[in-house]
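Quick notes on the structure that follows.
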Amino acid sequence: MSIIQPDRRLLTRRRLLQLSGISGVGLALSSCGLSPSDHLNQVFEPLNQRLEELLLRPQTPVPEFPISAIEPDKLLINSFGITPQIDSQTFRLAIDGAVHQPMQISMSDIQKMPLTSMVIQHVCVEGWAAIVQWSGVRLRDLIALAQPKSEARYVYFQSADGYYESWDLASSLHPQTLMAYQKNGQPLAIENGAPLRLAAPIKLGYKQSKWVTRISLTSELMTQTGYWEDQGYEWFAGL
Ligand SMILES: Nc1nc2c(c(=O)[nH]1)N[C@H]1C(S)=C(S)[C@@H](COP(=O)(O)O)O[C@H]1N2
Ligand SMILES: [Mo]
């Protein structure tokens with residue numbers, strides 16, 4: 001299964017990773033619907049991650065698209081199960097784990113934080129992509145509020161539909177990694193993950209959890225790394 005290449009720079013980076021022989025990126029892109037039987041990926045993930053972090057320079061901003069490039073009809077709804085209905089008035093996002101200040105934060109408090117908008121490409125491994133504008137709060141600002149402990153290295157995201165994901169901390173602190181509550185200038189639709197979803201130009205679509213209810217920092221990568229990852233998809237899933 002092929003993937004849309006947003007630009008040559010990304011192709012070059014991916015090539016580099018493939019040539020280095022350490023990347024699972026190629027593996028993931030061909031694994032749609034398959035379930036690799038080997039667990040070697042798991043074992044090598046931390047090594048992979050360190051090298052990928054180095055090669056991809058996770059804090060480097062990804063070039064954005066103009067507003068005129070937005071493709072409103074191209075973002076396909078991709079949900080593995082039921083669409084949870086969340087009351088944004090009573091909703092609280094929990095941030096806990098390896099933090100000094102565990103917290104529960106309301107949407108109105110989140111919406112008082114600085115708003116960041118970006119027009120980026122969303123890439124799904126199933127072979128489609130869409131240029132979308134996401135607006136919301138930087139995940140790094142939320143994580144900073146909870147005061148991460150020095151041992152924090154990974155970030156787990158729990159979603160209301162039972163979906164779960166984990167990211168490396170560096171990617172989570174990227175300036176274009178957002179907890180979005182708007183899409184294309186409108187409040188986020190329920191199907192797109194309202195009230196709050198992950199959005200970032202640095203990772204594949206399945207890393208971008210919708211309906212996030214809980215963010216937990218950890219020092220270790222635990223066995224259940226993600227809904228699709230646990231079925232064989234690559235964990236880092238960098239673009
Ligand atoms: N909670 C949750 N988040 C999810 C998914 C899901 O099934 N549940 N699907 C993922 C996949 S594979 C993609 S491509 C995007 C799709 O986002 P969209 O439905 O807003 O287009 O959501 C991601 N986040
Ligand atoms: Mo996807």
Does any N or O in the side chain of [X] come within less than 3.5 Å of the main-chain N or O of [Y], such that one atom is a donor and the other an acceptor?
X	Y	answer
Ser106	Asp109	yes
Ser135	Ser117	no
Thr218	Glu220	yes
Glu151	Ala98	no
Asn184	Gln133	yes
Thr213	Gln158	yes

Quiz item: Going through the checks in order, is the side-chain contact (heavy atoms from CB on, under 4.5 Å) test met by Asp168 and Lys203?
Solution: CA-CA 11 Å; Asp168 59 289; Lys203 285 189 189 283; 3.2 Å; yes

How long is the gap from [atom1] on [X] to [atom2] on [Y], to the nearest 0.5 Å?
X	Y	atom1	atom2	value
Gln176	Thr60	CD	OG1	9.5 Å
Leu217	His100	CG	NE2	11.0 Å
Thr177	Gln59	OG1	CD	8.0 Å
Leu221	Gln224	CG	CD	11.5 Å
Ser108	Gln89	OG	CD	8.0 Å
Gln186	Leu188	CD	CG	11.0 Å

Is [Y] close to [X] at the side-chain level, that is, under 4.5 Å between some pair of heavy atoms?
X	Y	result
Leu142	Met103	no
Ser172	Ile143	yes
Leu239	Val62	no
Val123	Trp128	no
Trp167	Phe157	yes
Leu178	Leu198	no
Arg197	Met179	no
Trp134	Ile120	yes

Exercise. For side-chain contact (heavy atoms from CB on, under 4.5 Å), just list the numbers for Met107 and Leu196, CA-CA rounded to whole Å, side-chain angles, deciding distance to a tenth of an Å, and then say yes or no.
Key: CA-CA 8 Å; Met107 280 310 294; Leu196 213 51; 3.9 Å; yes

Quiz item: side-chain contact (heavy atoms from CB on, under 4.5 Å) with Ser150: which residues, sequence neighbours excluded?
Solution: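 Residues passing side-chain contact (heavy atoms from CB on, under 4.5 Å) with Ser150: none at all.
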
Quiz prompt | salt bridge (Lys or Arg N to Asp or Glu O under 4.0 Å) involving Lys207 - partner list, sequence neighbours excluded | solution = Glu165, Glu229

Quiz prompt | Under the salt bridge (Lys or Arg N to Asp or Glu O under 4.0 Å) test, residues paired with Lys183 that sit two or more places apart | solution = none

Minimal non-hydrogen separation, [X] against [Y], with atom names:
X	Y	value
Ile86	Ala160	CD1-CB, 3.7 Å
Gln104	Ala94	NE2-CB, 4.1 Å
Ile95	Ala146	CG2-CB, 3.6 Å
His122	Val132	CB-CG2, 4.2 Å

Practice problem: Kindly write out the residues that satisfy ring-ring contact (aromatic ring centres under 6.0 Å, His included) with Phe91, not counting sequence neighbours, or none if the list is empty. | Solution: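 By the ring-ring contact (aromatic ring centres under 6.0 Å, His included) rule, Phe91 matches no residue at all.
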
Exercise. Report yes or no: is the cationic atom of Lys210 (NZ for Lys, CZ for Arg) closer than 6.0 Å to the six-membered ring centre of Tyr163, at no more than 45° off its axis?
Key: no

Self-check item: Residue pairs fulfilling side-chain hydrogen bond (donor to acceptor under 3.5 Å, both in side chains) with at least one residue in residues 137-147, sequence neighbours excluded
Solution: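 Counting only pairs at least two positions apart or across chains, no side-chain hydrogen bond (donor to acceptor under 3.5 Å, both in side chains) contact touches residues 137-147.
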
Exercise. Step by step, work out the side chain to side chain donor-acceptor pair (under 3.5 Å) result for Ser166 and Trp235.
Key: CA-CA 8 Å; Ser166 58; Trp235 176 72; 2.8 Å; yes

Tell me which donor-acceptor pairs under 3.5 Å the side chains of residues 70-77 have, and how far apart each pair is, sequence neighbours excluded?
{"from": "Glu71", "atom 1": "OE1", "to": "Ile131", "atom 2": "N", "distance (Å)": "2.9"}
{"from": "Glu71", "atom 1": "OE2", "to": "Lys74", "atom 2": "NZ", "distance (Å)": "3.4"}

Exercise. Answer with yes or no whether the side chains of Trp211 and Thr83 bring together a donor and an acceptor at under 3.5 Å.
Key: no

Quiz item: Quick one: are the ring centres of Tyr206 and Tyr233 less than 6.0 Å apart?
Solution: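 Distance test on ring centres: under 6.0 Å, yes.
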
Practice problem: Name the orientation class of the two ring planes belonging to Tyr227 and Phe80 (parallel below 30°, tilted from 30 to 60°, perpendicular beyond 60°). | Solution: tilted

Quiz prompt | Check ion pair Arg214-Asp96 (N to O, under 4.0 angstrom) | solution =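 Here Arg214 pairs with Asp96 in a salt bridge, since their nearest N and O are under 4.0 Å apart.
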
Practice problem: Tell me, with the steps shown, if Ile110 and Leu93 meet side-chain contact (heavy atoms from CB on, under 4.5 Å). | Solution: CA-CA 9 Å; Ile110 288 173; Leu93 173 71; 4.1 Å; yes

